[in-house]
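One structure below.
The first residue in the sequence is number 1, and the count goes up from there.
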Amino acid sequence: MIAELQDLISLYNEREDLLKNIPKPKIGILSNYVPEEIIYAMGLLPVKINGDKSFNKINATSCLHHCMCSYILDSYDEAANHQFDYLDGVIIANACDARRCLHDAWKQYLAPNFIHFLDIPKLISEDSIFFFQNQIELLVKHLQETFNTHLNDDKLKEAIELYNETRRLLKQFDELYVNNQIDISAYDYITIIKASSSGLNEIFNSRMRKFLDIAHNYKPEKKYKASTLLVGCYFDNKDIINILEDCGVKIVVFYNSNGLKKFEILVDTDGDLIFNLAKSYISRRISPKIIRPDYHYDKINELIKKYDIDTVLFFTLKFCDNNMIDEVFLKMEMKKHKIPLLAIDSERNQSTVQNIKTRIQTFYELYS
């Protein structure tokens with residue numbers, strides 16, 4: 001693996017050590033609906049919590065119901081095991097019932113110096129944009145009161161431009177990956193996307209520019225027999241990715257919260273900046289909580305045609321009610337367009353992967 005690519009991947013693995021050496025308050029965020037630009041513009045660092053450390057969930061299930069998705073349980077368990085002691089607070093978005101419970105447990109049992117529950121609308125309309133703008137303004141007020149900082153338009157515009165640059169670079173990187181112009185595994189792709197939300201955007205942008213400058217020399221060697229589009233929950237399951245790639249299947253598009261949805265829309269830097277952030281963030285339809293099926297399904301069909309994708313893989317974490325409902329409607333939509341779809345649900349740990357390995361292998365043998 002070339003050094004420039006390895007530097008991007010290692011940024012995620014080294015993020016905690018790097019963050020601890022930066023003399024700024026760090027705020028953990030649990031959802032891509034939290035506007036990172038606001039936090040950054042106020043002199044703080046927004047750090048995405050991904051719940052990908054391996055703990056036994058004993059702390060989580062002693063405070064939360066065990067019938068919750070493993071992302072929620074893992075995130076709480078990391079915090080209870082002092083993984084986030086370097087953070088100065090946490091923001092949890094109201095994307096599902098489990099996150100509401102997570103907020104209550106985090107506040108009650110972990111007692112952070114700062115915790116904020118960011119409400120998000122269910123519909124996308126002009127009224128809902130104004131509603132979300134108001135919620136962002138409440139977040140700003142809470143941050144100002146806690147950290148004795150303030151927000152001004154100049155700093156916010158600089159932050160939006162920085163994060164827009166990250167999105168543009170990710171789009172360029174994504175195009176290379178999708179068009180099979182770089183030799184990189186799907187898991188490394190996901191790790192790089194996760195690195196972009198580590199609160200280290202200047203470093204990330206610098207490393208990504210260096211990689212893109214030499215990417216044309218990094219030609220792929222592996223050929224794939226079939227392509228698939230992944231949709232559904234947050235996804236970073238290395239074992240499932242390995243099963244797919246061993247079957248000769250490439251996940252061409254990650255159309256989920258830690259994939260294309262994260263960077264497909266830029267934030268406008270003209271006019272009311274907080275309104276622009278509100279509009280951009282809720283327009284992405286990252287979670288099925290936001291009801292916008294026409295856009296969601298049209299976009300999936302558009303991506304399938306654009307990249308000549310053979311199949312759809314719908315992945316949901318067990319007990320994710322929002323995505324379980326979304327799965328039913330997506331199946332009907334894909335059936336209408338005669339697109340083969342495989343729906344799987346799993347935990348994030350390795351113990352359940354073998355139970356679905358045969359299903360994955362059988363499905364892609366039929367459609368590759």
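Under the 4.5 Å side-chain heavy-atom criterion for ILVMFWY residues, no single connected hydrophobic cluster contains both L138 and F131. Residues Y224 and Y189 fall into different hydrophobic clusters, defined by Ile, Leu, Val, Met, Phe, Trp and Tyr side chains chained together at heavy-atom separations under 4.5 Å. By the criterion of side-chain heavy atoms lying less than 4.5 angstrom apart, applied directly or through intervening Ile, Leu, Val, Met, Phe, Trp or Tyr residues, L11 is grouped together with L162 in one hydrophobic cluster. Under the 4.5 Å side-chain heavy-atom criterion for grouping Ile, Leu, Val, Met, Phe, Trp and Tyr, I203 is not connected to Y12 through any hydrophobic cluster. In the hydrophobic clustering of ILVMFWY residues, with side-chain heavy atoms under 4.5 Å counting as a link, F319 and F235 come out apart.
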Report all side-chain donor-acceptor pairs from residues 147-160 shorter than 3.5 Å, counting only partners two or more places apart or in another chain.
residue, atom, partner, partner atom, Å
T149, OG1, M42, O, 2.7
N152, OD1, D154, N, 3.1
N152, OD1, K155, N, 2.7

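Between the side chains of N179 and E175, at least one donor N or O lies within less than 3.5 Å of an accepting N or O. Looking only at atom types and distance, the side chain of E36 has no donor-acceptor partner in the side chain of N201 under 3.5 Å away. Looking only at atom types and distance, the side chain of T228 has a donor-acceptor partner in the side chain of Y364 under 3.5 Å away.
Residue I38 is tested with L44, I91, I136, I27 for a side-chain contact (heavy atoms from CB on, under 4.5 Å); the sole match is I136. Among the candidates L8, I193, L5, I9, the single residue satisfying the side-chain contact (heavy atoms from CB on, under 4.5 Å) test with D188 is I9.
Inter-residue side-chain proximity for L102 and L64 is flagged as met; some heavy-atom pair is nearer than 4.5 Å. Contact of the L143 side chain with the F114 side chain is registered, since non-hydrogen atoms from C-beta on lie closer than 4.5 Å. Inter-residue side-chain proximity for I39 and V34 is flagged as met; some heavy-atom pair is nearer than 4.5 Å. In this structure, S196 and L170 have side chains that are in contact, with non-hydrogen atoms separated by less than 4.5 Å. Counting only heavy atoms from C-beta outward, the side chains of N113 and D88 never approach each other to under 4.5 Å.
Residues in residues 57-94 take part in these ring-ring contact (aromatic ring centres under 6.0 Å, His included) pairs, two or more places apart or across chains: Y71-Y234. Sorted by first then second residue, the ring-ring contact (aromatic ring centres under 6.0 Å, His included) pairs that include residues 256-276, not counting sequence neighbours, are F130-F275.
Judged by distance alone, with hydrogens and angles left aside, the side-chain atoms of D77 form a donor-acceptor pair with the main-chain N or O of A60 at under 3.5 Å.
Aromatic ring centres of F173 and Y177 lie farther apart than the 6.0 Å criterion allows.
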**Request:** Apply side-chain contact (heavy atoms from CB on, under 4.5 Å) to T311 and L342, showing your working.
**Result:** CA-CA 8 Å; T311 61; L342 173 64; over 6 Å; no
**Message:** Show, in sequence, the C-alpha distance, side-chain angles and deciding distance for Q133 and D272, and conclude whether the side-chain hydrogen bond (donor to acceptor under 3.5 Å, both in side chains) test is met.
**Reply:** CA-CA 10 Å; Q133 178 182 6; D272 187 329; 3.2 Å; yes
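Shown here is K171, whose NZ atom has more than 12 heavy atoms of other residues, nucleotides or ligands within 6.0 Å. Applying the 6.0 Å contact sphere to NZ of K279 captures no more than 12 heavy atoms from other residues, nucleotides or ligands.
Using a 4.0 Å cut-off between charged nitrogen and carboxylate oxygen, K336 and E333 count as a salt-bridge pair.
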